[in-house]
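See below for the structure under consideration.
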Protein chains: 2
Amino acid sequence: MSFRYFILGLLTQRPMAGYDIKRLLQRLDWLIGSPSFGSVYPTLHTLLKDGLVDVSVAHNEERPSRKVYSITLAGQQALQAWLDQPVEPGISLKEFLMRLMLAGNLSHHGLVAYLQQRRSEVAARRPKLEKVARSEENTALGRQLAFDYGLAAAAAELAWLDRTLERLSP
Amino acid sequence: MSFRYFILGLLTQRPMAGYDIKRLLQRLDWLIGSPSFGSVYPTLHTLLKDGLVDVSVAHNEERPSRKVYSITLAGQQALQAWLDQPVEPGISLKEFLMRLMLAGNLSHHGLVAYLQQRRSEVAARRPKLEKVARSEENTALGRQLAFDYGLAAAAAELAWLDRTLERLSP
DNA sequence: CCCGCCATGTAACACGTTACATGATTTT
DNA sequence: AAAATCATGTAACGTGTTACATGGCGGG
């Protein structure tokens with residue numbers, strides 16, 4: 001269900017063809033990863049089958065025909081329902097960012113709550129990581145480095161969340 | 001092939017049962033993600049079938065029998081071959097950390113080279129992200145936040161890599 | 001007495017990748 | 001003339017999840 005809703009979310013901004021979506025996703029590759037064409041097209045097919053998107057074929061002389069998809073009312077409702085349901089804890093960074101990118105469909109309050117939930121999760125990770133890092137089986141160099149990385153990453157994310165929450169507050 | 005080699009790598013430290021592996025992985029969950037039992041056991045079965053691990057059943061009265069797996073010579077060679085082959089660029093953070101945790105099987109020089117490669121990749125992401133963030137279609141709040149996060153994360157990882165590389169140098 | 005931990009396993013399913021097929025047009 | 005870009009699609013495969021089945025032990 002991961003990319004399904006994200007693609008649906010992209011279509012709230014403007015109607016797009018599969019190729020466009022793939023290209024856009026490609027440029028977001030580093031943040032959320034980019035599915036292949038073999039994934040994008042079938043996803044659009046099932047969204048269409050489920051009535052969440054419409055398609056209009058743009059017959060072009062000179063260039064291949066494009067199938068331009070737009071979100072339907074049912075699609076907007078389905079997206080909203082998905083966004084409204086609370087995120088279960090332990091979500092991955094990629095999922096966190098995917099939802100964050102759809103923040104345009106969220107209320108200000110919803111966005112702040114989302115970031116605050118993330119903040120408390122990341123904060124909770126710190127002591128856990130430290131505890132695991134100190135356990136006797138993790139003295140190998142690689143493990144030590146990985147834990148060290150984890151702590152640094154958690155600290156950086158926490159700092160970003162604090163900065164961002166402050167910026168968003170009135 | 002992702003967890004296959006990581007599990008093999010875990011067995012270089014000590015022989016373990018599937019349950020042990022899962023428990024260990026669980027504690028590394030935040031760093032590299034943890035596969036379910038339905039993935040761990042079949043993985044061990046195929047490693048066994050391929051001759052990369054051995055199994056010895058520990059019949060215990062009182063407790064369920066445990067199947068303790070140990071790495072074979074062929075397994076060690078396969079792992080080494082996998083570690084020796086250069087990492088293709090664009091690897092995900094999770095894969096980066098998985099390999100990092102196996103650093104015990106790497107030479108000092110190999111480890112440093114690995115980190116340096118990562119450093120140059122992360123450094124290259126910065127200008128790309130900045131360029132994409134400035135493009136006209138990314139003015140929506142969510143996108144801006146996600147890009148901002150990406151830049152902060154990249155900066156933090158870069159700083160960590162520099163610190164670590166310095167610490168590892170003579 | 002029920003719940004949680006220990007311990008293994010299988011089958012159905014979900015999601016995504018790789019590799020292929022097709023074919024025109026623009027750039028090198 | 002070759003290669004990249006535009007544009008869509010399918011089929012086989014890989015890897016992992018969820019949900020189930022089985023069964024004993026220990027603590028609240």
Side-chain angles (χ1 to χ4, degrees), chain A residues 1-8 10 15-29 32-50 52-69 82 88 90-92 94-95 98, chain B residues 1-9 11 15-29 31-50 52-69 82 88 90-92 94-95 98:
Chain A
M1 286 293 147
S2 206
F3 275 107
R4 185 178 153 91
Y5 285 101
F6 188 67
I7 286 177
L8 198 55
L10 289 181
M16 291 168 108
Y19 195 85
D20 298 331
I21 291 173
K22 166 65 177 160
R23 228 179 10 188
L24 204 165
L25 252 21
Q26 198 85 55
R27 277 182 289 142
L28 304 179
D29 190 18
I32 58 169
S34 167
S36 60
F37 280 116
S39 191
V40 171
Y41 289 124
T43 297
L44 286 168
H45 298 334
T46 61
L47 284 173
L48 185 64
K49 185 172 51 79
D50 295 346
L52 306 187
V53 300
D54 263 346
V55 72
S56 75
V57 183
H59 281 295
N60 248 320
E61 296 150 37
E62 312 256 313
R63 323 197 119 274
S65 305
R66 298 160 51 80
K67 290 192 173 178
V68 179
Y69 294 87
W82 184 71
E88 75 263 47
I91 206 178
S92 73
K94 177 180 149 184
E95 277 177 272
M98 266 170 51
Chain B
M1 287 292 148
S2 208
F3 275 107
R4 185 178 153 91
Y5 284 102
F6 188 68
I7 287 177
L8 198 54
L11 294 178
M16 294 167 107
Y19 195 85
D20 298 330
I21 291 173
K22 166 68 176 156
R23 228 179 11 187
L24 205 164
L25 252 20
Q26 199 87 54
R27 279 183 290 143
L28 304 179
D29 191 19
L31 290 172
I32 56 169
S34 168
S36 60
F37 280 117
S39 192
V40 170
Y41 288 124
T43 297
L44 286 168
H45 297 336
T46 61
L47 284 173
L48 186 64
K49 186 173 52 77
D50 295 346
L52 305 187
V53 300
D54 264 346
V55 72
S56 75
V57 183
H59 281 295
N60 249 322
E61 297 149 37
E62 314 255 310
R63 324 196 119 271
S65 304
R66 310 172 88 252
K67 292 192 174 180
V68 179
Y69 293 88
W82 184 72
E88 74 262 48
I91 206 180
S92 73
K94 178 180 148 184
E95 278 179 88
M98 267 170 51

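Below, all heavy atoms of this structure are taken into account, side chains as well, without hydrogens, waters or symmetry copies. Throughout, protein chains are lettered first and strands after them, A, B, ... in sequence-line order, and every chain is numbered starting at 1.
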request  = Start with the C-alpha gap between B:L11 and B:I21, add the side-chain angles, then the distance that decides, and say whether side-chain contact (heavy atoms from CB on, under 4.5 Å) holds.
outcome  = CA-CA 9 Å; B:L11 294 178; B:I21 291 173; 4.2 Å; yes

query = Between C:dA12 atom C1' and B:F37 atom CZ, what is the distance in whole Å?
reply = 20 Å

ask   = Axis-to-axis angle across the helix from C:dC1-D:dG28 to C:dT28-D:dA1, five pairs an end, to 10 degrees?
value = 40°

key: For atom CG of A:L24 and atom C1' of D:dC6, their distance in whole Å   = 16 Å

task = Please test A:F6 against A:L28 for side-chain contact (heavy atoms from CB on, under 4.5 Å), starting from the C-alpha separation and ending with a verdict.
result = CA-CA 12 Å; A:F6 188 67; A:L28 304 179; 4.2 Å; yes

remark   = To the nearest angstrom, the NZ-P distance between A:K22 and C:dT17 comes to 7 Å

ask   = To the nearest Å, how far apart are A:F6 CZ and C:dC15 C1'?
value = 17 Å

Pairwise 5' ranking along DNA chain C for B:P42 and B:D20, keeping only the more 5' one = B:D20

Give me the distances for all protein-to-nucleotides 3-5 of chain D N/O pairs that come in under 3.5 Å?
none

request  = Let me know the distance between NE2 of A:H45 and P of D:dA7, rounded to the nearest Å.
outcome  = 16 Å

ask   = Roughly, in whole Å, what's the span from CE in B:M16 to C1' in C:dA7?
value = 14 Å

key: B:T46 side-chain N/O to B:T43 backbone N/O, donor-acceptor pair under 3.5 Å   = yes

note = The side-chain hydrogen bond (donor to acceptor under 3.5 Å, both in side chains) partners of A:D50 (sequence neighbours excluded) come to A:R4

task = Look at the side-chain N and O atoms of B:Y41 and state whether any lies under 4.0 Å from the OP1 or OP2 oxygen of C:dG9.
result = no

ask   = Where the side chain of B:K67 is concerned, which of C:dT8, C:dT18, D:dT17 is the nearest nucleotide?
value = C:dT8

ask   = Looking at residues at least two apart in the chain, or sitting in another chain, which of them share a side-chain contact (heavy atoms from CB on, under 4.5 Å) with B:P42?
value = none

Touch class at under 4.0 angstrom, heavy-atom based, for B:T46 against every strand present = nothing

message = Please report the distance, rounded to the nearest Å, between CG in A:L25 and C1' in C:dT17.
response = 15 Å

key: Euclidean distance, atom CD1 of residue A:I7 to atom C1' of C:dG16 [Å, nearest integer]   = 12 Å

query = Looking at A:R66, A:K67, A:R27, which hits salt bridge (Lys or Arg N to Asp or Glu O under 4.0 Å) with A:D20?
reply = A:R66

ask   = Among C:dT17, D:dT10, D:dG16, which is the nearest nucleotide to the side chain of A:S36?
value = C:dT17

task = Name the nucleic acid region contacted by A:G38, choosing base, sugar-phosphate or nothing; use a 4.0 angstrom heavy-atom cut-off, strictly under.
result = base

remark   = side-chain contact (heavy atoms from CB on, under 4.5 Å) filter on A:Y41, not counting sequence neighbours, yields A:Y19, A:F37, A:H45

request  = Take A:L8 and A:V53 through the test side-chain contact (heavy atoms from CB on, under 4.5 Å) and record every step on the way to the result.
outcome  = CA-CA 8 Å; A:L8 198 55; A:V53 300; 3.8 Å; yes

inquiry  = For B:Q26, give me all partners under side-chain hydrogen bond (donor to acceptor under 3.5 Å, both in side chains), at least two apart in sequence or on another chain.
reply    = B:K22

query = Hey, mind stepping through B:L24 and B:M16 against side-chain contact (heavy atoms from CB on, under 4.5 Å) and telling me if it holds?
reply = CA-CA 10 Å; B:L24 205 164; B:M16 294 167 107; 3.2 Å; yes

Closest to side chain of B:R66, choosing from D:dT10, C:dG16, C:dT8 = C:dT8

task = Indicate, with a heavy-atom threshold strictly under 4.0 Å, whether A:S2 touches base, sugar-phosphate, or nothing.
result = sugar-phosphate

